[in-house]
Amino acid sequence: MGKESVQIGITKSQSRRTFISKIGVTGAATIAAGVVGIDLGPLLPTERSTAHAAADAPGSNQRAIACAKLRRDAAQAGLQATPVNLQHPTNNDEDIYPNKLGSYSKGLPHNADGTVSLSAYAALVQAVNSGRPSDFDAIPLGGNRRLTNPQCGLAFDMEGPDGHALLQPPAPAFASREQAAEISENYWMALLRDVPYTQYPVNPIANAAAADLSLYGDDFRGAKSSGAVTTATLFRGLTPGDKAGPYLSQFFYQQCNFGANNLDQRIRTTAADIDYMTDFNTWLAVQRGFNQPAGVYDPTPRYMRNGRDIGEWVHIDVLFQAYFQGFLILAGLGAPFDEGNPYNGNPSQDGFGTFGGPHIAALLCEVATRALKAVWFQKWFVHRRLRPEVQAERVDRTLFHGAGYPVHPEVLTSLSSATRLGGYMTAGNALLPMAFPEGSPTHPAYGAGHATVAGACVTILKAWFKESTRLVDLGAAPVQPSDDGLTLVPYSGADAGDLTVGGELNKIASNVALGRNTAGVHWRSDANESMKLGEQLAIGILREARACYNEPFAGFSLTKFDGTTITV
């Protein structure tokens with residue numbers, strides 16, 4: 001997206017926040033190295049918060065006064081931590097290409113060559129810049145699918161950092177080698193969609209994928225071993241724990257009880273070897289926003305064992321579902337709480353509404369909606385990044401139809417050669433085979449909603465549970481699915497005894513984020529950066545909440561996705 005559009009959009013949307021200017025800002029604190037939030041300092045083990053002490057003062061209204069002051073102080077801290085005239089960086093694709101070939105436009109009217117109607121795109125930008133509901137209502141559509149909730153990005157929240165104060169780095173540029181590497185990974189994910197993860201070491205396509213992605217060097221930002229992509233790191237995430245054990249987290253397989261109900265971890269998956277949007281006419285109808293016939297399902301429930309399975313799981317999941325199930329599993333196993341929990345070893349009380357099961361269960365759902373508001377601002381008002389299905393069409397039009405789009409030449413060479421991707425492409429075009437009939441959702445790619453929610457929810461869980469706890473010490477022997485997904489079998493890898501609560505929580509966040517990539521609807525950088533965005537948001541919420549408790553509490557401790565340990 002273009003820098004000028006971002007500045008205009010921010011200025012207009014900030015006009016809705018003009019009340020903030022009346023408070024005044026004495027200085028601009030940077031958020032580049034930290035997290036927007038409130039820092040009230042750690043409490044000593046015997047201390048109560050300032051708010052609770054004030055509420056004890058004589059007077060019938062002291063509680064209400066203390067509550068109001070607590071909220072004002074939190075708002076003031078958030079304001080002072082937000083730089084004046086905060087600018088959100090973009091890759092400038094929207095300004096570079098007059099026909100908007102590098103920007104998101106799905107659901108709008110499109111020309112016969114697959115580019116967007118410029119008047120329709122201008123109406124979208126007008127709505128984003130003005131923030132007026134009537135302008136959003138006036139955006140023309142190309143079919144019968146509506147745009148997904150752009151005004152969510154303008155919503156305020158009463159807790160945690162304001163979504164507009166959180167930063168994401170620019171997405172890779174349309175013509176960059178990094179974007180070529182990312183679309184190559186999407187192609188390989190589609191080609192390997194039906195191959196069980198356990199077969200990657202011996203599968204020739206998986207080996208070819210690892211070799212191809214390694215050729216991109218530092219421009220490919222996926223997991224590596226000694227600087228190279230291997231079949232053991234292929235399509236894995238970057239967090240501590242991602243490289244250990246089976247590809248999918250144990251929280252997708254272990255016994256899970258929801259109250260008195262046992263949740264079967266087998267899923268209804270889609271039929272093998274059926275992909276969508278593999279011809280241009282269907283692709284164009286989907287981009288214009290026309291609904292497509294439903295997909296074909298496998299009649300047999302299966303444990304997730306390949307890319308098609310996780311792709312279907314993230315197709316219809318409730319956004320906090322994976323992490324809520326993780327909480328249920330940990331609670332059922334009796335996993336120990338973080339050592340800072342004030343009820344550890346308490347002589348007369350257990351946690352419940354604070355620092356107990358209901359507290360964390362509700363917070364997982366609560367943080368998800370705040371994560372969505374933060375990332376929806378990034379999607380619609382900052383980046384407006386195109387989806388992989390559109391990048392692949394630009395590749396196809398250039399490679400086979402003389403369109404001359406400025407896609408990076410390395411992916412063109414890879415596709416047109418007898419080796420690399422060209423050795424495996426058989427459809428006669430370079431369109432990306434999609435796992436969903438409708439392709440991507442009708443909202444921009446960057447940041448990713450699933451990945452942001454994953455980052456937020458997993459951060460909450462890591463703050464609550466003792467991350468270093470080994471699953472085997474909880475009686476949860478690691479398992480993995482058989483290649484047909486019908487049964488679970490013991491996982492006997494050398495690291496089986498080393499899988500930890502924290503590592504498997506990190507892994508489930510990556511599984512969900514990258515599962516969307518496997519389906520063809522997101523990019524590697526969408527997952528990598530949006531998990532960090534969710535982490536920022538959750539840390540800000542935890543930091544504000546710390547001042548609200550009566551219990552003596554020194555703060556939440558957790559390990560971030562980059563491996564650093566913090567207390568908030």
Check this for me, if you would: do Arg308 and Asp194 make a salt bridge, where the nitrogen-to-carboxylate-oxygen distance has to be below 4.0 angstrom? yes
State whether Asp309 and Arg302 are salt-bridged, where the test is any N-O pair (Lys NZ or Arg NE/NH1/NH2 against Asp/Glu carboxylate O) under 4.0 Å. no
Between Asp93 and Ser103, is any side-chain donor less than 3.5 angstrom from a side-chain acceptor? no
Step through it carefully: locate the ring centre of Phe174, locate the ring centre of Tyr97, and say whether they are under 6.0 Å apart. yes
Could you check whether Glu185 pairs with Arg524 (Lys NZ or Arg NE/NH1/NH2 to Asp/Glu carboxylate O, under 4.0 Å)? yes
In terms of side-chain heavy atoms, does Thr278 have a donor or acceptor partner in Asp275 at a distance below 3.5 Å? no
Given the ring of Trp376, does Lys379 sit roughly above its face, with NZ or CZ under 6.0 Å from the centre of the six-membered ring and within 45° of the axis? yes
Answer whether the closest heavy-atom distance between the side chains of Leu166 and Phe377 falls below 4.5 Å. no
Side chains of Gln378 and His383 only: does a donor on one sit below 3.5 Å from an acceptor on the other? yes
Are Glu94 and Lys100 within salt-bridge range, i.e. N to O under 4.0 Å? no
Counting only N and O atoms by type, is there a donor-acceptor contact under 3.5 Å from the side chain of Tyr276 to the main-chain atoms of Trp283? no
Any chance the side chains of Tyr216 and Ser184 put a donor and an acceptor closer than 3.5 Å? yes
Any donor-acceptor N/O pair, Asn186 side chain to Trp523 backbone, under 3.5 Å: no
Establish, from distance only, whether the side-chain atoms of Asp135 and Ser130 form a donor-acceptor pair under 3.5 Å. yes
So, for Leu386 and Ala445, which heavy atoms are closest and what is the spacing to 0.1 Å? O-CB, 3.5 Å
So, His88 versus Phe381, ring centres under 6.0 angstrom or not? no
Please find out if less than 6.0 Å separates the ring center of Phe258 from that of Phe324. yes
Is the ring centre of Phe235 less than 6.0 Å from the ring centre of Trp188? no
Exactly one of Lys106, Arg516, Gln287 clears side chain to side chain donor-acceptor pair (under 3.5 Å) with Ser440, and that residue is Lys106
Give a yes-or-no answer on whether the side chains of Ser525 and Arg385 include a donor-acceptor pair shorter than 3.5 Å. yes
Is it the case that the side chains of Asp242 and Ser510 hold a donor-acceptor pair, with the cut-off being a distance below 3.5 Å and no angle test? yes
Quick one about Asn111 and Thr115 (side-chain donor to acceptor, distance below 3.5 Å, no hydrogens or angles considered), yes or no? yes
Tell me, please, whether Tyr405 has Arg394 positioned over its six-membered ring: NZ or CZ under 6.0 Å from the ring centre and within 45 degrees of its axis? yes
For Glu535, is there an ion pair with Lys532 - N to carboxylate O distance below 4.0 angstrom? no
Apply side-chain hydrogen bond (donor to acceptor under 3.5 Å, both in side chains) to residues His110 and Ser105 and explain how you reach the verdict. CA-CA 8 Å; His110 281 68; Ser105 60; 2.9 Å; yes
Does the distance from a Lys or Arg side-chain N to an Asp or Glu carboxylate O, for Arg420 and Asp212, drop under 4.0 Å? yes
Tyr297 six-ring face occupied by Arg268 cation (under 6.0 Å, within 45°): yes
Exercise: do His450 and Asp317 side chains pair donor with acceptor under 3.5 Å: yes
Does the ring centre of His443 sit less than 6.0 Å away from the ring centre of Trp380? no
Under a 3.5 Å cutoff, is there a donor and acceptor pairing between the side chains of Arg387 and His522? yes
